[in-house]
Undergrad: 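Here it is: the structure, laid out below.
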Amino acid sequence: MKSEPDEVSIDDALAAPGKIVPWVGVRNYQARNFMRDAMRVGDGVLFYHSSCAEPGIAGLAEVASTAYPDPTQFDSGSKYYDPKSTPDNPRWMLVDVRATHKTRLLSLPELRSLPDLAEMQILKRGNRLSITPVSAFEWRCIIQHIQ
DNA sequence: GCCAACGTTGGC
DNA sequence: GCCAACGTTGGC
């Protein structure tokens, strides 16, 4: 799951109450569907810093709730406000994410250098999704290299 | 700041 | 339903 560290960094997440952050602001249907349909409480999460000086995996986390409506879509003062969404028929969902560890930065160039990760979705050309699945094989590879 | 790549919008 | 125009993402 990508987060801009200027918005929510791994340090911010670890400092939050219960180390939990609600993953607000996702406004892409595919990314929403991953949270709504594919994620289960306890699933592992790679906390990825994007749009920053050193993009890469900065920590580990886990899914901490099932999906529920993103409250920011109803808040006209929020930059994530969506006037086309209503509480009766919410368009955007999110899950809570609980940070578990800060890791050394596994930088984007380092990720790209690992042959086992060649098929990883986040590394595919043109990928812009802020949430992408990670295979068990890729997860093990990353956990090994992060040590 | 640039720009490739992709998603969304809206006229037809 | 097509597709041009526009907006966004995100690495560099």
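Basis for what follows: all heavy atoms, side chains included, without hydrogens, waters or symmetry-related copies. Letters A, B, ... are given to chains in the order of the sequence lines, protein chains preceding strands, and every chain is numbered from 1.
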Undergrad: Please find out if less than 6.0 Å separates the ring center of A:W23 from that of A:Y80.
TA: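 No: the rings miss the under 6.0 Å criterion.
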Undergrad: Are a donor atom and an acceptor atom from the side chains of A:T72 and A:D70 found within less than 3.5 Å of each other?
TA: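 Indeed, the side chains of A:T72 and A:D70 share at least one donor-acceptor pair under 3.5 Å.
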Undergrad: Could you check how far CG of A:L129 sits from C1' of B:dC6, rounded to whole Å?
TA: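 Taking atom C1' of B:dC6 as the reference, CG of A:L129 is at 9 Å.
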Undergrad: Figure out the CG/P separation between A:L123 and C:dG10, and round it to whole Å.
TA: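 A:L123 atom CG is separated from C:dG10 atom P by 13 Å.
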Undergrad: Roughly, in whole Å, what's the span from CG in A:D6 to P in C:dG11?
TA: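 In whole Å, C:dG11 P lies 13 Å from A:D6 CG.
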Undergrad: Figure out the CZ/P separation between A:R91 and B:dT9, and round it to whole Å.
TA: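 Nearest whole value for this atom pair: 7 Å.
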Undergrad: Could you tell me how far apart A:D82 (CG) and C:dG7 (C1') are, to the nearest whole angstrom?
TA: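 To the nearest whole Å, that distance equals 15 Å.
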Undergrad: Can you identify which nucleotide, out of C:dG11, B:dT9, C:dT9, has its nearest atom closest to the A:K84 side chain?
TA: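 Among the listed nucleotides, the one closest to the side chain of A:K84 is B:dT9.
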Undergrad: Rounded to whole angstrom units, what separation is found between the CZ atom of A:R128 and the P atom of B:dG7?
TA: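 Answer to the nearest Å: 6 Å.
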Undergrad: What's the spacing between A:T66 OG1 and A:M35 CE if we round to 0.5 Å?
TA: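 Atom-to-atom, A:T66:OG1 and A:M35:CE are 12.0 Å apart.
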Undergrad: Looking across every strand, which nucleic acid part, if any, lies under 4.0 Å from A:E4 by heavy atom: base, sugar-phosphate, or nothing?
TA: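 Result for A:E4 = nothing.
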Undergrad: Roughly how many Å is it from CD1 in A:I122 to P in B:dC6, rounded to a whole number?
TA: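 After rounding, the reported distance stands at 15 Å.
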Undergrad: Less than 4.5 Å apart, side chain to side chain, heavy atoms only: is that true for A:Y29 and A:W92?
TA: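 The answer is yes; the side chains approach within 4.5 Å.
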Undergrad: With a 4.0 Å cutoff (strictly under), does any side-chain N or O of A:R125 reach OP1 or OP2 of B:dA5?
TA: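 For A:R125, the contact criterion (side-chain N or O under 4.0 Å from OP1 or OP2 of B:dA5) is met.
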Undergrad: Measure from the side-chain heavy atoms of A:Y48 and tell me the nearest of B:dG7, C:dG11, C:dG10.
TA: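 That would be C:dG11.
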Undergrad: Look at the side-chain N and O atoms of A:Y29 and state whether any lies under 4.0 Å from the OP1 or OP2 oxygen of B:dC6.
TA: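 No.
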Undergrad: Whole angstrom is fine here: how far is it from CD in A:E7 over to P in C:dT8?
TA: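 Value for this atom pair: 15 Å.
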Undergrad: Please determine whether a side-chain nitrogen or oxygen atom of A:K2 lies at a distance below 4.0 Å from atom OP1 or OP2 of C:dG10.
TA: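 A:K2 to C:dG10 OP1/OP2: side-chain N or O found under 4.0 Å.
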Undergrad: Donor-acceptor pair, A:H145 side chain versus A:L111 backbone, under 3.5 Å?
TA: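 Not at all, since once roles are kept as given, no pair shorter than 3.5 Å links the two residues.
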